[in-house]
Amino acid sequence: AAATSVAAAPKASRAPPTASTTTVTASSHGHDEEGCLVCHKDDNHAYLLLCEACNDEYHTYCLNPPLETVPEGDFFCDKCKHVHSTKDDDG
């Protein structure tokens, strides 16, 4: 029974390659444009930060307060950083 479902899976995924690519982009970001969520520009990539949790993008200078430099290590946006700062929660 398992071999039958495995054989059926490649046929289904092969049929709509364009539709699945478009759907993944829209659902993973929650918006259809890439770039800073504050200014909506996809430029100055040296200053464009990617949130490690939700993949939203922000320029360092568009954050409130703005960052003077690109932080070392992982970056978490305002909506995600409180979740990752309380990782030692005892329940």
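In terms of the ring pair (Phe, Tyr, Trp, His ring centres under 6.0 Å) criterion, Tyr47 has no residue partners (sequence neighbours excluded). Residues forming a ring pair (Phe, Tyr, Trp, His ring centres under 6.0 Å) with Phe75 (at least two apart in sequence, or on another chain): none.
When all heavy atoms of Cys51 and Cys77 are compared, the pair lying nearest together is SG-N, 3.4 Å. Taking every heavy atom of both residues into account, Tyr58 and Cys36 meet most closely at CA-SG, 3.9 Å. Closest approach of Glu57 and Glu34 over heavy atoms only: OE1-C, 3.6 Å. Taking all atoms of both residues into account, the shortest heavy-atom contact from Thr60 to Thr69 is CG2-O, 4.2 Å.
Here the side chains of Val70 and Leu49 are in contact, with some heavy-atom distance below 4.5 Å.
In this structure, the separation between NE2 on His40 and SG on Cys62 is 9.5 Å, given to the nearest 0.5 Å. With rounding to the nearest 0.5 Å, the separation of CG in Leu48 from NZ in Lys41 is 12.5 Å.
Note on residues 61-80: pairs passing salt bridge (Lys or Arg N to Asp or Glu O under 4.0 Å), not counting sequence neighbours, are Asp56-Lys79, Asp78-Lys81.
Cluster membership check: Phe76 does not share its hydrophobic cluster with Leu63, using side-chain heavy-atom separations under 4.5 Å among Ile, Leu, Val, Met, Phe, Trp and Tyr.
Without hydrogens or angle criteria, His59 side chain to Pro66 main chain gives no donor-acceptor distance under 3.5 Å.
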